[in-house]
Every structure is written in structure tokens, then in C-alpha cells.
Amino acid sequence: MKIVFMGTPEFALYSLEAISSQPDNEIVAVLTQADKPRGRGYALTPTPVKVWATERNIPVYQPATLRDGAFEETLRELDPDLIVVTAYGKILPQYVLDYPRYGCINVHTSLLPRHRGAAPMQRAILAGDTVTGVSVQQMDAGIDTGDVLVTREIPIGPDDNLETVHDNLGLVSREALCETLTRIKEGTLSPVKQDETHATHAAKIEKSDCLIDFTADAQTVHNQIRALSPMPLAFTYTPDGKLLKIPQSRPESRDGENSCVPGTVVSLDGAITVACGRGTISLLTVLPEGKGRMAAADYIRGRKLAVGDRLGKN
RNA sequence: CGCGGAGUAGAGCAGCCUGGUAGCUCGUCGGGCUCAUAACCCGGAGGUCAUGUGGUUCAAAUCCCAUCUCCGCAA
């Protein structure tokens, strides 16, 4: 089966591995986002998918848009039986959706219809979900609205963060896609319509999503911190106005009123314990502006904070 | 050449502006106190202050120059 793959970030590599693990699949080309200046010094950086494909001598296309005739012609030349999309970052126009014999399928990292959209993993953790998963869907014109073909669930533990959820979902996404491909060939899929009444939208993570809101309860603050760790990281401000990112935390008490203003440091015994709207949370590791990640205890030793200081004001 | 911060003992930092004996909080080692301790007390070891055995100076962690490395912002 001739497959065109579309994807961009590291997560898409799980799908590429799944496809290439089946000998009767041929990846005739990949589409990925254009190289962008990234990192310090604005070095032009290829996407993980491009690197992967280049190493295997698979043709790489990086069209700025699919909405013109240039790609339509390319598509005819490639003549795929199926298009697999994982975190590509572009909308597929109708003629693309319609071209392959088996259509276009998408690996989405949530249990659809929950968390449709750009940041399903982060939004699931942020929402305090205890279960999530991957859904392989038959793409249609809407955003993540297609019929669901195969799903896999995973639990989200109380201390899972974006990294662990990402990795766990990657593994099951590989299985889910393998199963989907097999059943496409067998013709044994039974697509399931999404229940629109349960649909939610997982908006892209903005910088404002990363500013810690200590007026929330401790569990919510913890969810925010782990949903954004290790990238891009939740942050607050120290009393001297410096940025302080928080990779890791632990709720100390989930309930209980505090006599002080949310954001106030209540203890520095080995960690930075901060009062929340309800309960308290300990910041276990921190990332000061201009420095690397360090244990909170080390940060405290540098005498940067005192009990009674207030975080988040700036 | 996108903007900025930083390299000082095993860790985190101060000292630099206003050159003149290497300092703080920990850790570590030894001793003491204690029923006991991660608590407390006493003592010790551990640093070519990133590199150039660069420049200025009677004198450089400190001022100047170059290089290397790490990091934050932004995308």
C-alpha cells in the first residue's frame, strides 16, 4: 500500500515507525512543515520528520500551503492509497481528503470527541483527567471530527507530566496505528461516529496558560505545572521581578484555607512551599532566569527567598 | 551576526561598580553533647576565582581584550 505521511514533531515518529514496521507499506513521501529558525542564534532547523525521512531517502515535501494546484499535481504523481497524518499542523483541503482510495487517517492524542484541537495532551492533564488515549480517525472536513476507527486508553497518574504522557501515548499510538493499517487492508474496520454532545476543544497553549495562578487550589496548580513540564514550563515571578519556571511540584495539602495571600511562601524546608487558594503546594525543582534547572533546596541555599515572600506578583 | 544572563570548594550563591589576606548557606570528614537524631556545639579538608601563564597595574576574582562552555527570552 502506497502511503503519504504528513507530520512534524517528534511525536510523529511513532507513526512513521508503525507504518514502516509493516513490510507491505511503502512510504512514498512525507510532508512536513518548512524548516524554521529555532533556538539560540536562529539556526534553521529541520523538523524531526524531515530528519527521519532524509535518513531513509524518502522524498520530503514542505509546501507552504496545500491549497494550490502545485500540490495537487504532486499528489497525483505520488498517487497514495492512504494518507496518514500525525501532528502535521496544516489543514487538508477537500481534494486531498478525497484523493486516496482509503482516504486520510489521523492519529490524535486524546479520546475523541474530548480534546479536539491543537494541544490535547496538555489540556487533558490541565483538566485533571485520569485517563486519556489516542484515537485514530477517518479525517473529514472538520477539525478532529471524523469517525473514530481505533482507540487506545492510558491512565494519567497523579504525578505524570507532559513528558511521561507524551511517551506513553507515543507507544500506544504506534499500536493503534498498526492495528488500523492492518484492518484497513482486511476491511474489518467499523467506524464510529463521534458524539458531538461530548466534544471539547483543546486550544493551543499560550504563554498566558503558563503563568501560575496561585489563587487556584493546590491540585489545579499542580496540574498546570505538570501539564507544561518539561516544555514550555509553568512560571511565576520572584519578589525581585525575575522569572522563575517550575518543572516539578507536589501538592502538600489539597484543602484547607490559608491565612495568607495566595502565592505567599509559607515554608522553605527543603522545598519552596507556597500557599494556594486552597491548600499548599511545594515547588520541588525550579529554573531561574538565566540559569539551569536546580533542586528547590539548592535555590534556597543561594538565599533567594524568605518565608513570607510573595510569588507571582509582577 | 536577533536580545540578554552566567562560569568563584562537591551543590547553590556573595564578593567585582569604588583593585590590596577567598567569604556565606549546605554537603563532606573528625570530635563533642544526647536515650536518640536529619537537631545542637567544636574542629578539619577541599578553590591555578572557565580559558588565554593575554593586556593595564607595585598589586587583578575585581578593570580591558579575545576565546570556550552553559542557560534564559524570542521564534
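Proteins come first, then strands; the chains are lettered A, B, ... in the order of their sequence lines, and each starts at number 1. This structure is a prediction, so every number in the text was calculated from the model and none was measured.
In this structure, the CG atom of A:L243 is 13 Å from the C1' atom of B:rA74, given to the nearest Å. Atom CE of A:M231 and atom C1' of B:rA75 are 11 Å apart (whole Å). Between the CG atom of A:L268 and the P atom of B:rC26 there is a distance of 13 Å, given to the nearest Å. In this structure, A:K242 atom NZ and B:rC13 atom P are separated by 11 Å, rounded to whole Å. One can place CZ of A:R293 at 16 Å from C1' of B:rG12, the figure rounded to the nearest angstrom. For the pair A:K36 NZ and B:rA74 P, the interatomic distance rounds to 16 Å; values are reported in whole Å. In this structure, the CZ atom of A:R301 is 16 Å from the P atom of B:rC24, given to the nearest Å. The CD-C1' distance, from A:Q33 to B:rA75, rounds to 14 Å in whole Å.
Between B:rU53 and B:rC49, the distance separating the two P atoms is 15 Å to the nearest Å. Across B:rC26 and B:rG46, the matching C1' atoms stand 14 Å from one another, rounded to whole Å. Across B:rC17 and B:rU25, the matching C1' atoms stand 25 Å from one another, rounded to whole Å. Spacing between B:rA59 and B:rU21 at atom P, rounded to whole Å, works out to 15 Å. The same atom, C1', is picked in B:rG20 and in B:rG15; the two are 14 Å apart, to the nearest Å. Rounded to a whole angstrom, the distance from the P atom of B:rA60 to that of B:rG55 is 12 Å. Taking atom C1' in both B:rG12 and B:rU57, the straight-line distance is 34 Å, to the nearest Å. For the C1' atom pair drawn from B:rC40 and B:rC3, the interatomic distance equals 50 Å after rounding to whole Å.
Side chains of A:I125 and A:N161 form no contact here, defined as non-hydrogen atoms less than 4.5 Å apart. Under the 4.5 Å side-chain criterion, counting only non-hydrogen atoms from C-beta, A:Y237 is not in contact with A:L244. Proximity of A:K36 to A:T45: side-chain heavy atoms (C-beta onward) are nowhere separated by under 4.5 Å.
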* To do: Could you check A:D144 against A:R114 for salt bridge (charged side-chain N to carboxylate O under 4.0 Å, His left out), going step by step and ending with a plain yes or no?
  => CA-CA 10 Å; A:D144 300 323; A:R114 191 164 170 76; over 6 Å; no
* Hey, mind stepping through A:L31 and A:Q62 against side chain to side chain contact (heavy atoms under 4.5 Å, CB included) and telling me if it holds? -> CA-CA 6 Å; A:L31 267 72; A:Q62 298 173 285; over 6 Å; no
* Asked: When you look at A:K2 and A:D81, which way does the salt bridge (charged side-chain N to carboxylate O under 4.0 Å, His left out) test go after all the steps?
  -> CA-CA 5 Å; A:K2 282 160 65 179; A:D81 300 306; over 6 Å; no
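Counting only N and O atoms by type, the side chains of A:D269 and A:S267 include no donor and acceptor under 3.5 Å apart.
Listed for the A:D217 side chain is a donor-acceptor partner under 3.5 Å among the backbone atoms of A:T220. Listed for the A:T215 side chain is no donor-acceptor partner under 3.5 Å among the backbone atoms of A:G277. Side-chain N or O atoms of A:S21 include one that pairs as donor or acceptor with a backbone N or O of A:A18 at under 3.5 Å.
Counting only heavy atoms from C-beta on, A:M294 has its side chain closest to B:rC13 among B:rC13, B:rC26, B:rA74. In this structure, of B:rU25, B:rG72, B:rA74, it is B:rG72 that holds the atom nearest to the side chain of A:L287.
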* Dot-bracket summary - RNA chain B, pairs being Watson-Crick or G-U whose distances fall under 3.5 Å, with | when paired to another strand -> .(((((((.[[[[.)....(..]]]].(((((.......))))).....[[[.[[..)....]]]]]))))))..
Under 3.5 Å, which protein N or O atoms sit close to an N or O of nucleotides 2-10 of chain B? Give each pair with its distance.
from: B:rG5; atom 1: N2; to: A:G290; atom 2: O; distance (Å): 3.3

